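Both ligands and their constituent atoms are indexed starting at 1 by order of listing. Small disclaimer: the values here were computed from a predicted structure and weren't measured. This chain uses plain numbering: 1 for the first residue, then up along the sequence.
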Amino acid sequence: MTQDKHISTQAPIGVFDSGFGGLSILREIRKVLPDYDYIFLGDNARAPYGSRSFHLVYEYTLQAVKHLFDQGCSLVILACNTASAKALRTIQQKDLPGIDPSKRVLGVIRPTVEKVGEISQNGHVGIFGTPATIQSESYNIEIGKMHPTFKVFGHACPMWVPLVENKESEGEGADYFVKKDIDALIGLCPDIDAVILGCTHYPLLVNKIKQYMPEGVHIIEQGGIVADSLKDYLARHPEIDARCSKGGTCQYFTTEDAEKFSEMGSIFVNEQIEAKHITL
Ligand code: DGL
């Protein structure tokens, strides 16, 4: 790395996901903070992360974060629950001090957990996530710290990301798996009154989820929550805010085929996007 990469001029906010899911977060962030510049990076070539080991998720996420830092980003959002669960803490504690202690990496789990306390009335909370996120118990741990009386019930939905990635979120296969997984979660505790969609792909299945979720159960989507939390963070950290450029632009990069990403990504953000290919 050359010296000038450490010079802190203004640069876009980096937003990272294993694939397309993070676009559901970016879309909401851009609604709340439209004046900032953004670089989105999807590691589609190596997605899904949800069934990968701790070590691989950490290694891949670190490579992506370093790449975004090399583009000048001072702030990177891991718009991926799996990466937030498996890699964020190690990157913050072990890697950042050596790379550049003035840079910041934030995840999506903490802001979601902060919010759930306002939403659940009876403290019985369900979590849908990838096998990696559920197995990490990150939500149980964070909710346990913030809302110690809450009971948390996690259920992994290994088919939901492939359904979304294969444009099957409106198909009959989605009905089958969404109903099956909701039944399994509610089977763990019929009193659940709030369910966190703990994977950034899942908002694409929200119509089906609403269809099969028992009445009265709040479905918690992360996009708006993460966006509000980022706005609050930038207001509380003017030194970081000053290093984020404000031109209202957004660039998209993928480790997979750029054309494929642009086609699918446009569905997530509801506008035509043009991605570029990069190698990590
Ligand atoms: N979007 C990622 C998340 O929020 C999961 C996708 C994957 O398995 O790579 O967990």
Side-chain angles (χ1 to χ4, degrees), residues 14-29 40-65 76-89 91 105-113 115 126-142 154-169 174 177-178 181 195-206 209 219-227 229-230 252 254-256 260-261 264-265 267-269 280:
V15 180
F16 168 71
D17 183 38
S18 58
F20 297 108
L23 293 172
S24 69
I25 302 283
L26 176 67
R27 188 184 60 206
E28 299 305 314
I29 290 178
F40 181 87
L41 170 58
D43 189 10
N44 299 71
R46 301 187 292 196
Y49 280 12
S51 44
R52 293 196 186 276
S53 65
F54 166 84
H55 184 73
L56 278 182
V57 174
Y58 162 65
E59 201 174 288
Y60 292 171
T61 306
L62 181 60
Q63 285 172 4
V65 166
V76 171
I77 312 297
L78 301 185
C80 173
N81 287 267
T82 308
S84 300
K86 296 263 187 184
L88 178 63
R89 183 168 302 208
I91 291 175
V105 183
L106 305 175
V108 289
I109 294 179
R110 220 192 149 79
T112 311
V113 166
K115 196 75 187 171
I127 317 288
F128 282 134
T130 64
T133 298
I134 297 303
Q135 179 240 338
S136 74
E137 300 208 332
S138 295
Y139 274 101
N140 309 55
I141 295 165
E142 289 300 323
H155 177 75
C157 309
M159 288 306 292
W160 290 17
V161 170
L163 282 167
V164 170
E165 295 264 335
N166 290 292
K167 291 198 217 161
E168 286 291 340
S169 49
F177 284 107
V178 167
D181 287 316
V195 174
I196 295 172
L197 302 188
C199 170
T200 54
H201 279 68
Y202 296 175
L204 272 276
L205 288 164
V206 76
I209 296 169
I219 298 164
I220 304 177
E221 291 185 62
Q222 297 179 296
I225 295 172
V226 173
S229 158
L230 178 58
Y252 299 90
T254 176
T255 54
E256 241 275 10
K260 224 164 92 183
F261 184 93
M264 184 71 185
I267 299 173
F268 272 83
V269 292
L280 284 176

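Remark: E221 pairs with no residue by the salt bridge (Lys or Arg N to Asp or Glu O under 4.0 Å) rule, at least two apart or across chains. Listed by chain and number, the residues in a salt bridge (Lys or Arg N to Asp or Glu O under 4.0 Å) with E165 amount to none (sequence neighbours excluded). In this structure Y139 satisfies the ring pair (Phe, Tyr, Trp, His ring centres under 6.0 Å) test with no other residue, sequence neighbours excluded.
Judged purely by atom type and a 3.5 angstrom limit, S136 has no side-chain atom pairing as donor or acceptor with the backbone of K86. Although no hydrogens or angles enter the test, the distance criterion places a donor-acceptor pair under 3.5 Å between the side chain of T112 and the main chain of V108.
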Walk me through it: do T61 and T82 pass the test side-chain contact (heavy atoms from CB on, under 4.5 Å)?
CA-CA 10 Å; T61 306; T82 308; over 6 Å; no
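Near ligand 1, heavy-atom contacts under 4.0 Å come from D17, S18, P48, Y49, G50, C80, N81, T82, T130, V161, C199, T200, H201.
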